[in-house]
Amino acid sequence: MPELPEVETICQALKPLLEGQSFLKIQANRPDLRYPLPVNMETVLSHKLISLISRRAKYLLLDFSHGLTLIWHLGMSGRVIIENLNALSLNSGPHDHVVFITSNNYKITFRDPRRFGFLLLYPTNQLKSLHPFKTLGPEPLGDIPLGVSVLHAALKRRTISIKNALLDQRIIAGLGNIYASEALWQARLSPRRGANTLRLKETKILLIEIQNVLRRAISAGGSTLRDYAQPNGDTGYFQYSFNVYKREHLLCNHCHFTPITRIVQSGRATYYCDKCQQ
DNA sequence: CAGTAGACTTGCCGCC
DNA sequence: GCCAGGCAAGTCTACT
């Protein structure tokens, strides 16, 4: 599910709620997701001050004031649900694997049917040396935004298709299958082009369109295909703004003439307009 | 090292 | 109506 815009939406919802608070109770309903849950998670984290909530690539990071960071990845189908404990009816389901009760009376649920998501605990000051953080590429929307020359140099070294390059988190952090296709359509670049064939001018346009599409998706609260929802239960709305993703056989929104093509690259669907995107 | 195929897992869509 | 098989927001591992 969650690519950068979805994780950012969740981060922005959790931040004002949890910073300065703590967890009173952490209930794990199974021993593992993708990886075993952190050992003694409740003992180690409960009643500890949450000092900072942030996002890096598709990872949520919860920093605790005693020096540990809870690394939270949502996998493909992970979802975060925020409910007020005073609400009349609280949701629960068979895939609610971890439930956090907060000091300000909220219930935070980690729901993940496919269990590709995970929670890991690691010392905050050593995060940068932990895989995958040590090889993660730059943030497209960071305080020090990814520069064109850096992206162009990284692409120059790769012979894989530009679509696959955009999915490589070591080149650029946070893009996934939806937004890679959408950004390439906006930039009028064929997903089949070799990454190393992009000219500097094309890389510049691509980077601008990546940033635009991510910003617009964040404003829309992300994209809901099936499992994803904003933490308040609303769907995301960016799926209504897709120009190519899941639009095979529908006419291109740019030329209004060519049906959108679906191809498979490295086992993943790619959608594009064969006429507009060169 | 670079690139690709397969693995993990559950559930939906819809073929026959 | 039933149900085979493909497909899905991600990323790690094993192999060439």
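Naming: A, B, ... by sequence-line order, numbering from 1 per chain. Any value given below was found using the heavy atoms of this structure, including those in side chains, with hydrogens, waters and symmetry copies removed.
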Exercise. A:L14 pairs by side chain to side chain contact (heavy atoms under 4.5 Å, CB included) with which of A:T9, A:T102, A:I53, A:I50?
Worked result: A:I53
Exercise. Which part of the nucleic acid, if any, lies within contact of A:Y35, taking any heavy atom under 4.0 Å across all strands shown: a base, the sugar-phosphate backbone alone, or nothing?
Worked result: sugar-phosphate
Seminar exercise, completed: side chain to side chain contact (heavy atoms under 4.5 Å, CB included) with A:L189: of A:I162, A:L198, A:T197, only one passes, and it is A:L198
Exercise. C:dC12 and B:dG11: how far apart are their P atoms, nearest whole angstrom?
Worked result: 24 Å
Exercise. When the P atoms of B:dC12 and C:dT11 are considered, how many whole Å apart are they?
Worked result: 24 Å
Problem set entry | Protein proximity profile, nucleotides 5-11 of chain B - base contact B, sugar-phosphate-only contact S, no contact -, cut-off 4.0 Å on heavy atoms | ---BBBS
Exercise. Using a cut-off of 4.0 Å on non-hydrogen atoms, how would the nucleic acid contact of A:R170 be classed: base, sugar-phosphate, or nothing?
Worked result: nothing
Exercise. Any idea which of B:dG3, C:dC12, C:dG10 is nearest the A:M76 side chain?
Worked result: C:dG10
Exercise. Taking the side chain of A:Y59 as its heavy atoms from C-beta onward, which of B:dG3, C:dT11, C:dA8 lies nearest to it?
Worked result: C:dT11
Problem set entry | Shared hydrophobic cluster, A:I108 / A:L45 (ILVMFWY, side-chain heavy atoms < 4.5 Å) | yes
Exercise. Would you say a side-chain N or O of A:H73 is under 4.0 Å from OP1 or OP2 of C:dG10?
Worked result: no
For this session: Report, as yes or no, whether the 6.0 Å neighbourhood of atom CZ on A:R192 holds more than 12 heavy atoms from other residues, nucleotides or ligands.
Result: no
For this session: Using a cut-off of strictly less than 4.0 Å, decide whether A:R158 has a side-chain nitrogen or oxygen near OP1 or OP2 of B:dG3.
Result: yes
For this session: Take the protein atom CD1 of A:I263 and the nucleotide atom P of B:dT4, then report the distance between them rounded to whole Å.
Result: 12 Å
For this session: Check the distance between C:dC7's P and A:D227's CG and give it to me in whole angstrom.
Result: 18 Å
Problem set entry | Position toward the 5' end of DNA chain C (nearest nucleotide), A:T224 or A:F118 | A:T224
Exercise. Any stems for DNA chain C, made of 3 or more Watson-Crick or G-U pairs in a row, each with both distances under 3.5 Å?
Worked result: B:2-8 with C:10-16, B:10-13 with C:5-8
Exercise. Just by distance, with hydrogens left out, do A:Q239 and A:T224 show a side-chain donor and acceptor under 3.5 Å apart?
Worked result: no
Seminar exercise, completed: Taking every heavy atom of A:P2 against every heavy atom of A:V7, the minimum-distance pair comes out as CB-CG2, 3.8 Å
Exercise. Just checking A:L225: base, sugar-phosphate only, or nothing, at a heavy-atom cut-off of under 4.0 Å?
Worked result: base
Exercise. So with a 6.0 Å cut-off around NZ of A:K15, is the heavy-atom count from everything else above 12?
Worked result: yes
Exercise. Looking only at side-chain N and O atoms, does A:R268 come under 4.0 Å of OP1 or OP2 in C:dG10?
Worked result: yes
Exercise. Tell me: CD of A:E3 to C1' of C:dG10, nearest whole Å?
Worked result: 9 Å
Problem set entry | P-based separation of C:dG6 from B:dG6 [nearest Å] | 13 Å
Exercise. Do A:E8 and A:Q12 get their side chains close enough for a donor-acceptor pair, meaning under 3.5 Å?
Worked result: yes
Exercise. Does a nitrogen or oxygen in the side chain of A:R262 sit under 4.0 Å from OP1 or OP2 of C:dA8?
Worked result: yes
Exercise. Under the side chain to side chain donor-acceptor pair (under 3.5 Å) rule, what pairs show up with a residue in residues 112-124 of chain A, not counting sequence neighbours?
Worked result: A:T69-A:T124, A:S77-A:D112
Exercise. Should we say atom CZ of A:R30 is surrounded by more than 12 heavy atoms from elsewhere, each under 6.0 Å from it?
Worked result: yes
